[in-house]
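As a basis for the values below, the full set of heavy atoms in this structure was taken, side chains included, without hydrogen atoms, waters or symmetry mates.
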2 protein chains.
Amino acid sequence: MTKIQKVAELAGVSTATVSRALAGKDSVSPATRVRVEAAAKELGYVVSAAASSLASGRTRNVGVVTPILTSWFYTTVLKGAQRALADSGYDLTLYLLDTNPGSDLPHASNPRRRQLFEDFLQRKRVDALLAISLELEQEELDHVRRLDKPVVGLGGPLPGVPTLSVDDRAIASLATDHLIALGHTQIAHIGGNPDFELDFHLPSNRRDGYEGALTAAGIPIQPLMVRSADFTIAGGYDATLQLLGDPRVHPTAVFAASDEMAIGAILAARDLGKSVPGDLSVIGIDGHELGGFFGLTTIDQHPEAQGRRAVDVLLAEIESGTAKPKPDNTYLPHDLVVRKSTSSPTPVSSD
Amino acid sequence: MTKIQKVAELAGVSTATVSRALAGKDSVSPATRVRVEAAAKELGYVVSAAASSLASGRTRNVGVVTPILTSWFYTTVLKGAQRALADSGYDLTLYLLDTNPGSDLPHASNPRRRQLFEDFLQRKRVDALLAISLELEQEELDHVRRLDKPVVGLGGPLPGVPTLSVDDRAIASLATDHLIALGHTQIAHIGGNPDFELDFHLPSNRRDGYEGALTAAGIPIQPLMVRSADFTIAGGYDATLQLLGDPRVHPTAVFAASDEMAIGAILAARDLGKSVPGDLSVIGIDGHELGGFFGLTTIDQHPEAQGRRAVDVLLAEIESGTAKPKPDNTYLPHDLVVRKSTSSPTPVSSD
DNA sequence: AGGACAAATGTAAACGCTTGCGTAGTTTCA
DNA sequence: TGAAACTACGCAAGCGTTTACATTTGTCCT
């Protein structure tokens, strides 16, 4: 391993200057900088991350905590974050915080979570933390605060931490309004399961948006029209099966709280011999890559861009060194993407 | 931040002893160990990763390089790797090595790859590297060798590096034999696209296994029965549409090289009004979580276990400090999972 | 009882960088 | 033209551990 000393000798300067030149600091003359860079390249010199971080207190490493990995939305956010970090020369350390299935312990007792908050994060291994859809308990929040490092939340409201998220109510309203505008009045909703391991605000906000839009349009809310599922294709499928099999309701459209559930709804409708959108219009949320394949109308929430944005905010905080930025929430953009899973309802003979 | 010095004082020992006690080394008396641990806990002491790694040369951090993130198989492997690492107190640094789309440059010229191999990896940020489905060019391989750190390949043959992988030929044979045993003779194959960004051995090995099984059973190989796609649902769908629309062939079964393509095949068959398995049997590879939902017969290759296994090997190498373990390949287990997408062919009137 | 050996602990030298402070040398300006 | 203000760079003190080596203490033989 070549060390900085060798580079300094070859370039004919002190190690201090090499360090400054390579770190891209000003106060190094252009000529010197060039010489140092040439020397470094010639010797194949790369700074030792450990030494650099010990001396500077910075690691060039950002921790990303996600509750789920095997879901398109999360991996896409992660992809955006990874790319943005790599572009800025940062490493991404991945922490997976899935609750052990079946366990109903408070989060703080989950050993994996304890390990993360009490051990890993405390070792100064990361400069900042990006928390995706994370709900933290008080104790965990305290641990995070103690780090005194930038923390940004994506998708979930974290008290005392700046967050980015889409406006779930607005998205749900937009989706519902789209169906209303097409002439639907019998609109069902497949919401996310609130006891899912994710942040519980999201399902309820989406439901609120749905109900708000109906009410605003003077359409009565029918509790039987609302089902919940676990955000997966299978979950959306089952919920739709139940919905369409219930003689008490006659939905002509379904608004699913995720694209995967919406896809499940499309498959269920087909399996029941109903056509989409002829017999049932379906709209989802996410902007899933399979949306085009299924002709799914959706609200794209640009997950990859969300990952990038979150990292941008995080890096800005790291650079600025601001200990306590305003803990407010910023809304991220979303877009209605109309495909062929939604249309006006076909008039039906009342039965 | 409490440092080791404080702990030493509180426990009434030297910093050396604290270090040894906390690292779990022997040659510390049980009584002392207990006292040190108590002191550390009381002060909330956690070692500084930077200092520790500078002094010891170890980072407790493993790099994982994957070519794809938004695919169930890869994220599941990653999940297995993450969990195994977390269980052993290691961090996982994620590197994403997707080629920029459209670019046909040699890998070594891809800026993201350069950055990874020439910069990130050289900084001693990781103790070891897990390369998933990675094909490296000579230059990149040299960089990796220069690290002189344990490297394990998963799923792709890396010259000079120990690898783990399933036996793709055997899997393909098993899948094909399953169809043959059911009585099929008109068996199509949807293989992975060889110019896909992944390792190209995989698609060709699977195709070899398919052809081998046919030949062994005395069934002629029909080139028109073989299509390739990009491993996705949409890809499998299109390939199947073509296959079933081609008047020159009459497949009664399809062996797809991935579960996602197999799911696409099922959807395509349905859209063409064919029943599965009545008109078309479908078998895939992977063990995808949606397999149950679609009733898909598949060869489960236990991706999460693959991730765990790979990490186990990696950690064993780190512990042993063996610089150069035998660069051989170990095959991982796979299992046929029979569901309802395969059955005996229904006799058809020859047309 | 004396020496040899092992067990437990202490001493202090790395580990390889960053950066505050200081110093020459160079401009700038009245 | 002399002081003030920069600019570019060197010096050396850390940063917080780990660990080779030395030391102490206790145990076991003969």
Side-chain angles (χ1 to χ4, degrees), chain A residues 1-37 39-40 43-61 89 119 122-125 127 148-149 318-319 321, chain B residues 1-37 39-40 43-61 89 119 122-125 127 148-149 318-319 321:
Chain A
M1 273 287 106
T2 342
K3 346 198 218 185
I4 202 172
Q5 182 63 43
K6 296 283 175 194
V7 180
E9 285 167 12
L10 182 56
V13 293
S14 71
T15 62
T17 300
V18 173
S19 175
R20 286 188 277 248
L22 261 29
K25 306 218 172 167
D26 30 339
S27 78
V28 172
S29 76
T32 307
R33 186 180 304 269
V34 168
R35 236 173 333 120
V36 169
E37 280 166 356
L43 298 173
Y45 171 77
V46 183
V47 297
S48 149
S52 172
S53 49
L54 178 57
S56 71
R58 274 171 271 107
T59 66
R60 298 230 117 206
N61 196 11
D119 188 28
Q122 306 295 328
R123 300 193 190 182
K124 296 199 196 175
R125 288 182 165 180
D127 287 341
D148 201 35
K149 294 200 154 63
I318 293 175
E319 308 289 317
Chain B
M1 275 285 108
T2 345
K3 349 197 213 184
I4 202 171
Q5 183 62 44
K6 295 283 175 194
V7 179
E9 285 167 12
L10 181 56
V13 293
S14 71
T15 62
T17 301
V18 173
S19 175
R20 284 188 281 248
L22 262 30
K25 306 219 172 166
D26 31 338
S27 79
V28 172
S29 76
T32 307
R33 184 179 304 267
V34 168
R35 236 174 333 122
V36 169
E37 280 166 356
L43 298 174
Y45 171 77
V46 183
V47 298
S48 150
S52 172
S53 97
L54 179 57
S56 72
R58 272 170 274 107
T59 65
R60 299 230 116 206
N61 197 12
D119 188 29
Q122 307 295 329
R123 299 192 190 185
K124 295 199 198 178
R125 287 181 167 182
D127 288 340
D148 201 35
K149 294 197 155 58
I318 292 176
E319 308 290 314

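Distance from the side chain of B:Ala16 is smallest for C:dG10 among the nucleotides C:dG10, C:dC17, D:dG10. Closest approach to the B:Lys3 side chain among D:dT17, C:dC21, C:dT9 is made by D:dT17 (side chain taken as heavy atoms from C-beta onward). Side-chain proximity of B:Arg20 to the nucleotides D:dA20, C:dT18, C:dC15 is greatest for D:dA20. The nucleotide whose nearest atom lies closest to any side-chain atom of A:Ile4 is, among D:dG16, C:dT18, C:dG10, C:dT18.
Backbone-only contact: B:Lys25 has heavy atoms under 4.0 Å from sugar-phosphate atoms and none from a base. Within the 4.0 angstrom heavy-atom criterion, only backbone atoms of the sugar-phosphate kind lie near B:Thr32; the bases stay farther away. Counting non-hydrogen atoms under 4.0 angstrom, B:Arg33 reaches nothing in the nucleic acid. In this structure, B:Ser29 reaches the sugar-phosphate backbone alone: every heavy-atom distance under 4.0 Å involves primed, P, OP1 or OP2 atoms, never a base.
Proximity of A:Ser14 to the phosphate of D:dG10: a side-chain N or O atom is located under 4.0 Å from OP1 or OP2. Checking the phosphate oxygens (OP1, OP2) of C:dA7, no side-chain nitrogen or oxygen of B:Ser27 falls inside 4.0 Å. For D:dG16, the OP1/OP2 oxygens have no side-chain nitrogen or oxygen of B:Ser48 closer than 4.0 Å.
Residues B:Ser27 and B:Arg20 are in side-chain contact: their nearest non-hydrogen atoms beyond the backbone lie under 4.5 Å apart. Between B:Val13 and B:Val18, the closest side-chain pair of non-hydrogen atoms falls below 4.5 Å.
Place B:Ser56 and B:Gly12 on DNA chain C by their nearest nucleotides, and B:Gly12 ends up nearer the 5' end.
In this structure, B:Lys3 NZ and B:Glu9 CD are separated by 11.0 Å, a value rounded to the nearest 0.5 Å. Atoms OG and CZ, from A:Ser52 and A:Arg58 in turn, are 7.0 Å apart once rounded to the nearest 0.5 Å.
The CZ-P distance, from B:Arg125 to C:dG16, rounds to 17 Å in whole Å. Spacing between atom CZ of A:Arg58 and atom P of D:dC15 amounts to 15 Å, rounded to whole angstrom units. Atoms CG (A:Asp26) and C1' (D:dC6) sit 13 Å apart, rounded to a whole Å. The CZ-C1' distance, from A:Arg35 to D:dG10, rounds to 14 Å in whole Å. The distance from atom CG of B:Leu22 to atom P of C:dT9 is 14 Å, rounded to the nearest whole Å. The CG-C1' distance, from A:Leu54 to D:dT18, rounds to 12 Å in whole Å. Counting to the nearest Å, the C1' atom of D:dG10 and the CD atom of A:Gln5 are 12 Å from each other.
For the residue pair B:Asp127 and B:Gly57, the shortest heavy atom distance occurs at OD1-O, 4.3 Å.
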